[in-house]
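The structure presented is a predicted model; accordingly, all values stated were derived computationally and were not measured.
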Amino acid sequence: MKLPKTFCALMLAATLGGCTSYQKSLYLQHEEVLNESTKGQLYDFRIMPKDELTITVSTTDPEASAPFYRKIGQSKESTSNNNVGMDGAKLLSYLVDNNGYIDFPVLGMVKVMGLSNRECEALLREKLQPYLKEVPNVTVRTANYKFSVLGEVNRPGTYTTDAEKVTVFEALAQAGDMTLFSIRDDVQLLREDSTGIRKVYHIDLTQANVAQSPYFYLQQNDVIYVKPTQAKVRTNTFNSNASMWITILSVITSVTSLVLALTR
């Protein structure tokens, strides 16, 4: 009777282990946490140093607003009077410097760091008002929003987007989702703030309250790293060692065959 009891104990342990692995592979568990939340907060993209902004200014009189935007190939001093042949050119992006400023035509240096795109539009609209006879229409878009996804995902790489907000799940979807050999309750996020300080944050994607985390929405140049499970590491180590031993045995076999051939 000892053998059946031992067998049952092993089966029970395997079953419990399988349940644990299954739970760790699920996203957004305990969603009732979100249902109980009564206060939501919409995410606002914030301008950071090294961002590239595409800014357009328009009025009912195109010639009046022409001095306030530049196109690639057009000098800073150019006006609408010497813009011949530039109609189809691409708008020039404004690089936010390390101090958070952009060099805007006529206005000069304007600090935009920390502002949302909407707030930046309002600021430029206010500063442009004295130069125009009407309230201009100002549009600000970020041209270089990118993030990287590394580790146990199906398509690791760097991705760019035109969206003003990207969640960690959307980033993983871009990378083809995590593999079955990924650790989902400890995803690492490398982030650099506006002062250049870099920190690593840990995110548990198995819990629904991740949607309330300050790291749920990505910032420019964020790096997501998905760690492999121990099983994946052991498998890779075994495959690497197996390949090495096969190579060694192949060399030994070749040398033995050569020695036997020479001694005959």
Tightest non-hydrogen contact, residues Lys111 and Asn99, listed as CE-O, 3.8 Å

Among Asn117, Thr56, Ile55, which residue meets the side-chain contact (heavy atoms from CB on, under 4.5 Å) test with Thr139? Thr56

Heavy atoms from other residues, nucleotides or ligands near OH of Tyr101 exceed 12 (cutoff 6.0 Å): no

Would you mind reporting whether Gln129 and Pro136 have side-chain heavy atoms less than 4.5 Å apart? yes

Heavy-atom pair of closest approach, residues Lys165 and Tyr217: CD-CE2, 3.8 Å

So NZ of Lys50 and CG of Asn98: to nearest 0.5 Å the spacing works out to 4.0 Å

From Ile47 CD1 over to Cys120 SG, what is the distance, rounded to the nearest 0.5 angstrom? 4.0 Å

Run through Asn154, Ile224, Leu205 and flag the one making a side-chain contact (heavy atoms from CB on, under 4.5 Å) with Met178. Leu205

Report the distance from atom CG of Leu124 to atom CZ of Phe68, rounding to the nearest 0.5 Å. 11.0 Å

Heavy-atom closest pair, residues His30 and Ala208: O-CB, 3.7 Å

In terms of heavy-atom contacts, Gln219 and Glu192 come closest through OE1-O, 4.5 Å

Look at the side chain of Asn144 and the backbone N and O of Glu52, then say whether any donor-acceptor pair between them is shorter than 3.5 Å. yes

With a 4.5 Å limit on heavy-atom distance, are the side chains of Tyr94 and Pro105 in contact? yes

I would like to know whether Arg46 and Asp44 meet side chain to side chain contact (heavy atoms under 4.5 Å, CB included); could you show each step before the answer? CA-CA 6 Å; Arg46 297 289 169 177; Asp44 257 336; 4.0 Å; yes

Does a donor on one side chain and an acceptor on the other come within less than 3.5 Å for Thr59 and Asp61? no

Can you give me the closest heavy-atom contact between Ala175 and Tyr159, atom names plus distance? CA-OH, 3.5 Å

Determine whether more than 12 heavy atoms belonging to other residues, nucleotides or ligands lie under 6.0 Å from atom CD of Glu126. no

Count I, L, V, M, F, W, Y as connected when their side-chain heavy atoms are under 4.5 Å apart, and connections chain through other members. Are Ile203 and Ile183 then in the same cluster? no

Quick one about Arg184 and Tyr27 (side-chain donor to acceptor, distance below 3.5 Å, no hydrogens or angles considered), yes or no? yes

Let me check something: do Val153 and Tyr201 share a hydrophobic cluster, defined by ILVMFWY side-chain heavy atoms less than 4.5 Å apart, either directly or through other members? yes

For Ala143 and Thr54 the tightest heavy-atom approach is CB-OG1, 3.8 Å

The reported gap from CG in Leu28 to CG in Asp204 (rounded to nearest 0.5 angstrom) is 10.0 Å

So, taking the atom named CD1 in Ile102 and the one named CE in Met109, what distance separates them when rounded to the nearest 0.5 Å? 8.5 Å

Do the side chains of Tyr43 and Met48 join up, straight or via other hydrophobic residues, at under 4.5 Å, putting them in one cluster? no

Distance-only, no hydrogens or angles: does the Arg125 side chain make a donor-acceptor pair with backbone N or O of Val135 under 3.5 Å? no

Using the side chain to side chain contact (heavy atoms under 4.5 Å, CB included) rule, take Phe169 and Val210 through it: C-alpha gap first, then chi angles, then the decisive distance, then the call. CA-CA 10 Å; Phe169 285 111; Val210 67; 4.0 Å; yes

Count the heavy atoms of every other residue, nucleotide or ligand shown that sit under 6.0 Å from CZ of Arg198, and state whether that count exceeds 12. no

Does the side chain to side chain contact (heavy atoms under 4.5 Å, CB included) test come out yes or no for Val166 and Tyr145, once each step is laid out? CA-CA 10 Å; Val166 177; Tyr145 190 169; 4.1 Å; yes

Can you confirm whether Leu180 is buried at CG, in the sense that more than 12 heavy atoms of other residues, nucleotides or ligands lie under 6.0 Å from that atom? no

Are Tyr215 and Asp222 packed together at the side-chain level, in the sense that at least one heavy-atom pair is separated by less than 4.5 angstrom? no

Verify the cluster assignment for Val140 and Val106: are they in a single hydrophobic cluster under the rule of side-chain heavy atoms below 4.5 Å apart? yes

Hydrogens and angles aside, do Thr142 and Gln220 bring a side-chain donor and acceptor to less than 3.5 Å of each other? no

What's the spacing between Leu128 CG and Glu134 CD if we round to 0.5 Å? 11.5 Å

Side-chain contact, heavy-atom cut-off 4.5 Å: Gln212 with Val33? yes

Is there a path of hydrophobic side-chain contacts, each under 4.5 Å between heavy atoms of I/L/V/M/F/W/Y residues, joining Leu107 to Val138? yes

Report yes if some heavy atom in the side chain of Val200 is under 4.5 Å from a heavy atom in the side chain of Tyr225; otherwise report no. no

Give a yes or no on this: more than 12 heavy atoms of other residues, nucleotides or ligands lie within 6.0 Å of atom NZ of Lys127. no

Could you check Asp97 against Asp103 for side chain to side chain contact (heavy atoms under 4.5 Å, CB included), going step by step and ending with a plain yes or no? CA-CA 9 Å; Asp97 66 20; Asp103 187 3; over 6 Å; no

